[in-house]
Amino acid sequence: MLNRRNFLTAAVGVAAAGGLAACAKEDEGSSSSSAGDGGGKKLTLGFSQVGSESGWRSANTDSVKASAKEAGYKLQFSDAQQKQENQISAIRNFIAQKVDVIAFSPVVVTGWDAVLKEAKAKKIPVVLTDRSVETSDESLYVTLVGSDFTDEGRRAAKILEKVLETAGHKGAVKIAQLEGTTGAAPAIERAKGFKEVMDADHKDDWKIVASQTGDFTRAGGKQVMAAFLQSNPDINVLYAHNDDMGLGAIQAIEAAGKKPGKDILIVTVDGVKDGFVAMSEGKINAIVECNPLLGPQLMEVVQKVKDGETVERWIKTKESDFMQAQAKDALPTRKY
Ligand code: GYE
């Protein structure tokens, strides 16, 4: 099994993928490799999106569409509605259409080898964006453009320390965790990073008393949080793997007659506008940012891959953390 850290050292895969890209160019008989040059054939990018489960996802989709347009690429966009089988058929479709490059954000980490081998056989390079895959063959994709989710989990635990301190919290910390989509990289890794800090520094004072998936949606967050409050009425912290689930949970907390941000301290991940609004209203205590505006970086990488240039194995995104006190000032500058 490969973790994201291993990706960085996988230089062989990059070299192989560079070769792949070069072959793809020949295969297509493309007269020009640079997009928008007027004379040459437009680069065709097949993009399979996870779905439209969250505010993060909408911002990501807009970013991909706008930057493909800006780059002058022909974009074949497909929404998988959070179903792996839809992504597999979208990718097969891209292969049949002989697109120049395939990019996708894999809904879950496992189960991609077969379809990625089909792309490789047709010499179509694959770029992962946002989420990673687990594969036994690193040559099946060129690079990943996206965030370090394990680190986001660690940052969430670190910022929870500050939140507890700011709130003057005393006594046991009983945490409810709303997990992202089961089997998805951000769900696995945000849980892992958080637990790492908890096990190292808070073995005695913190406990995850309830943990379940809310599938990264508001409806999921609301429903699962309502059930948590029934079974564990003494929960005093919520760690939600994204803002949307946190926002759904806030509704459930209020419906149970409790005050989000006070009776239950809340830390979420993403930093979408609605999350910041809730934080400026005092309902979320801190947010770990995960930047969805990956389009420009993705288009740059796609061009390089098409041109047979070597790219880094993992192209990471820069992100920050925000406490409630910063929310009002930061809100007008948020871009998603
Ligand atoms: O945090 C969540 C979305 O993969 C980073 O997916 C992405 C996650 C994001 O549904 O809101």
Side-chain angles (χ1 to χ4, degrees), residues 4 47-64 79-84 86-87 103-110 112 127-134 144-156 159 177-194 213-222 224-225 238-250 266-279 284 286-295 297-298 314-322 334-336:
R4 285 173 158 240
F47 184 89
S48 168
Q49 180 60 291
V50 169
S52 47
E53 73 282 3
S54 65
W56 191 100
R57 191 63 54 197
S58 320
N60 180 249
T61 293
D62 292 349
S63 172
V64 168
D79 178 336
Q81 298 177 317
Q82 286 189 287
K83 292 201 173 69
Q84 182 171 35
N86 292 346
Q87 285 201 298
F104 80 115
S105 175
V107 59
V108 290
V109 287
T110 54
W112 299 104
V127 173
L128 301 180
T129 176
D130 162 29
R131 299 182 182 180
S132 59
V133 299
E134 277 169 17
L144 164 68
V145 180
S147 305
D148 184 337
F149 302 135
T150 309
D151 201 51
E152 288 173 355
R154 289 185 201 111
R155 284 160 50 202
I159 210 158
Q177 177 172 235
L178 281 169
E179 303 161 24
T181 302
T182 304
I188 298 168
E189 293 165 15
R190 284 173 187 166
K192 185 176 151 226
F194 188 89
T213 181
D215 211 14
F216 279 132
T217 65
R218 269 184 213 208
K222 184 177 176 186
V224 176
M225 190 67 198
L238 168 66
Y239 167 38
H241 288 184
N242 78 343
D243 291 339
D244 282 84
M245 292 190 293
L247 292 165
I250 286 171
I266 304 180
V267 174
T268 63
V269 187
D270 273 359
V272 297
K273 212 157 244 156
D274 288 353
F276 264 82
V277 169
M279 188 155 69
I284 291 180
I287 296 181
V288 171
E289 184 184 44
C290 176
N291 187 0
L293 307 180
L294 303 176
Q297 261 176 316
L298 176 64
W314 184 7
I315 298 158
K316 289 196 207 176
T317 330
K318 279 215 178 81
E319 289 153 353
S320 322
D321 302 327
F322 296 89
R334 300 300 295 163
K335 292 200 173 60
Y336 52 90

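Whatever order the structure lists ligands and atoms in, that order sets their numbers, starting from 1.
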Exercise for the section: Test His241 against Gln177 for side chain to side chain donor-acceptor pair (under 3.5 Å), laying out the working first. Expected result: CA-CA 8 Å; His241 288 184; Gln177 177 172 235; 3.1 Å; yes
Practice task
Verify ring-ring contact (aromatic ring centres under 6.0 Å, His included) between Phe104 and Phe47, making sure each step is shown before the conclusion.
Solution key: CA-CA 5 Å; Phe104 80 115; Phe47 184 89; 8.9 Å; no
Close-contact set for ligand 1 against [X] heavy atoms, below 4.0 Å:
X	answer
Pro186	4 (O)
Phe149	5 (C)
Ser54	2 (C), 3 (C), 10 (O), 11 (O)

Problem - Carboxylate-amine/guanidinium contact Arg57 Asp270, below 4.0 Å - result: no
Problem - Salt bridge flag under 4.0 Å for residues Arg334 and Glu289 - result: yes
Exercise for the section: Could you see which bit of Arg190 sits under 4.0 Å from ligand 1, with heavy atoms only: side chain, backbone, both or neither? Expected result: side chain
Practice task
Give the residue and atom name of whichever protein heavy atom lies nearest to atom 5 (C) of ligand 1, and the separation in Å to one decimal.
Solution key: Asp130 OD1, 3.2 Å
Problem - Nearest non-hydrogen protein atom, atom 10 (O) of ligand 1 - result: Glu53 OE2, 2.4 Å
Problem - Side-chain heavy-atom pair Val272, Ser54 within 4.5 angstrom cut-off - result: no
Practice task
Select the closest option to atom 1 (O) of ligand 1 among Asp270, Thr217, Val272, Asn242, judged by heavy-atom distance.
Solution key: Asp270
Exercise for the section: Would you name the heavy atoms of Val288 and Glu152 that are closest together and state the gap between them? Expected result: CG1-O, 3.8 Å
